[in-house]
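Heads up: the structure comes next, in structure tokens.
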Number of protein chains: 2
Amino acid sequence: MLKYVEIAEKIEQYIIDKDLKQGTKLPKFNDLIKQYGVSKSTIVNALNILEKSGIIYQIQGSGIFVRRNQRIGYVNLIENQGFTTDLDEFVITSKVLLLEKIIPSEEVRSNLECSKDELVYHVKRLRYINEQILCVEESYYNSTIVPYLNEEIAKESIFNYLKAALRLSVGFSDKYLHVIKLSEQDSQILELKKEDPALLTEELFYLSSGTPFDFSRTIYHYEHSQFFAQSNSLNI
Amino acid sequence: MLKYVEIAEKIEQYIIDKDLKQGTKLPKFNDLIKQYGVSKSTIVNALNILEKSGIIYQIQGSGIFVRRNQRIGYVNLIENQGFTTDLDEFVITSKVLLLEKIIPSEEVRSNLECSKDELVYHVKRLRYINEQILCVEESYYNSTIVPYLNEEIAKESIFNYLKAALRLSVGFSDKYLHVIKLSEQDSQILELKKEDPALLTEELFYLSSGTPFDFSRTIYHYEHSQFFAQSNSLNI
DNA sequence: GAGTGGTCTAGACCACCCT
DNA sequence: GGGTGGTCTAGACCACTCG
């Protein structure tokens, strides 16, 4: 475990344990250096992680402060680990509607940067939050990278399987969002009406090596989903 | 200008000028150190900015690679400087529907952390992208922080005014997103039909000092808006 | 095993906030 | 002016990738 990651986690835990609220001042820089017995840049790194994650903010010449304002029950648009980790306090379950290994379409090939010879897994799942319909998700996994997948796995968190069993490491992702009117077919799946509103997301996930491995299209139930995104000034 | 910011900008410019595509390998670490005549950590910082902004990705033991995959015409959910800077190649204009100085409502007071005595500016604008309706935005600015605002300013980019004229520095922001059916009133403003889909965002902007100064509620035209969010693995 | 990126240190100096 | 966070350096050592 890296020192700065470890320290970041300890500080986060400290904030949670003490239930510190927005604006509370944290111990000063030099105290943190002494407390953890590390050099200045290690603390800098730890604090930058926390700042980037929206847990603290730092003001030069003044101090380090708690930032903790999130509403709960919102899907984090900046996390990229699937929302099983995201919506901690909620029960996420899935029903597998389809799982097949197919020759990729033109669109999937261009997103996953693969050829017709490389088969892809096509998984369609209905996902529930606290037993309410959250979204319907259609995913394509490059089978060169994800050589095996079955219904048991798809019923649980596929990402956890990829990380734990296949030892894949997710590097980064791109998400594109559109608001749409539901088609007849999608409305039936989501138990809504045709032309009802919905959020359509297209996501492309890359390994740490820069290779795309998962292209997904998800349609969210507009009454059971909400989203958030935190921003920082750029130069962190 | 900070060295690492400057170097980050130069590298970004280099990528744009050479029109390098996704996956292109950049000069190696030691070359960058020599080229810019700085120490290792300065380069580390510069590269981390670029990684965080989704412009490159780094693979330990392998190299530094270009990441440039964005579709254009999407509103960036992670920027927090208003989208005048965001949608570079598009013409963003605004029509001011309302500008008044009022006693804040309960909701506005709790978001802006102010009292009844502190008046707020209430601005309602219809915003256009390439002369098409993009969104209707209702913003509340704490007048203790933003002491003056008029229609001329609101017709242009309010954020540019805050930064340039008032010398305010935006630190961070929280955004919450919901998909809704349009009300009669909003549908008329957006020239859509009642019950048409829309994205509703609530945003709270903070100064670098941690003080909230702008609470905004925006409703986007579903046919003229689309959004994107890039993610990275956490420990950057 | 050579090459490349990542972490960590110790310490100098700078920039900003507050009183 | 004293305190606090931010930048930068030089260099040691670690961890990963790839041929």
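Below, chains carry the letters A, B, ... as their sequence lines are ordered, and counting in each starts from 1. The figures here come from the full heavy-atom set of this structure, side chains too, leaving out hydrogens, waters and symmetry mates. Everything numeric in this text was worked out from a predicted model, so none of it was measured.
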Specify the separation, in whole Å, of atom CG of Leu47(A) and atom P of dT7(C). 15 Å
Pairing donors with acceptors under 3.5 angstrom, does anything connect the side chains of Thr218(A) and Ser216(A)? no
Between NZ of Lys25(A) and C1' of dG5(D) the distance, given in whole Å, is 10 Å
Whichever of Phe29(B) and Val38(A) has its nearest DNA chain C nucleotide further upstream toward 5': Phe29(B)
Can you tell me which nucleotide in dG5(C), dT9(D), dT7(D) comes closest to the side chain of Ser39(B)? dT9(D)
Taking Arg217(A) first and then Glu138(A), would you say they form a salt bridge - that is, a charged N and a carboxylate O separated by under 4.0 Å? no
Atom CD1 of Ile64(A) and atom P of dC17(C) are separated, to the nearest Å, by 15 Å
Rounded off to whole Å, could you give me the CD1-to-P distance for the Ile43(B) and dG5(C) pair? 11 Å
Between atom CG in Leu50(B) and atom P in dG5(C), what is the gap in whole Å? 14 Å
Quick one: label Ser41(B) by what it contacts on the DNA or RNA (base, sugar-phosphate, nothing), any heavy atom closer than 4.0 Å. base
Whether Tyr4(A) contacts dT7(C) is assessed here as follows: a side-chain N or O lying under 4.0 Å from the phosphate OP1 or OP2. Is that the case? yes
Gln60(A): which residues meet the side chain to side chain contact (heavy atoms under 4.5 Å, CB included) condition with it, sequence neighbours left out? none
Here the side chain to side chain donor-acceptor pair (under 3.5 Å) pairs for residues 143-152 of chain A, sequence neighbours left out, are Glu118(A)-Thr144(A), Asn142(A)-Thr144(A), Tyr148(A)-Asn150(A)
Let me have the donor-acceptor pairs involving side chains of residues 14-28 of chain B, under 3.5 Å, with sequence neighbours excluded, atom names and distances please.
from: Asp17(B); atom 1: OD1; to: Gln13(B); atom 2: NE2; distance (Å): 3.1
from: Asp19(B); atom 1: OD1; to: Arg68(B); atom 2: NH2; distance (Å): 2.5
from: Gln22(B); atom 1: OE1; to: Arg68(B); atom 2: N; distance (Å): 2.7
from: Thr24(B); atom 1: OG1; to: Lys21(B); atom 2: N; distance (Å): 3.3
from: Thr24(B); atom 1: OG1; to: Lys21(B); atom 2: O; distance (Å): 2.5
from: Lys25(B); atom 1: NZ; to: Ser62(B); atom 2: O; distance (Å): 3.1

Interatomic distance where CG belongs to Asn30(A) and C1' belongs to dG6(D) [whole Å]: 13 Å
Residues pairing under ring-ring contact (aromatic ring centres under 6.0 Å, His included) where one sits in residues 27-69 of chain B, two or more places apart or in two chains, turn out to be Phe172(A)-Tyr57(B), Tyr57(B)-Phe65(B)
Result for 5'-nearest mapping on DNA chain C, choosing between Lys3(A) and Lys28(B), is Lys28(B)
Please report, rounded to the nearest Å, how far the P atom of dA10(C) is from the NZ atom of Lys34(A). 14 Å
Take atom CG of Asp31(A) and atom C1' of dG3(D), then tell me their distance rounded to the nearest Å. 12 Å
So which protein N/O to nucleotides 12-16 of chain C N/O distances come out below 3.5 Å?
from: dC16(C); atom 1: O4'; to: Gln60(A); atom 2: OE1; distance (Å): 3.0

Quick one: list whatever passes side chain to side chain contact (heavy atoms under 4.5 Å, CB included) with Glu113(A), sequence neighbours left out. Pro212(A)
State whether Thr42(A) places a side-chain N or O below 4.0 Å from either non-bridging phosphate oxygen (OP1 or OP2) of dT9(C). yes
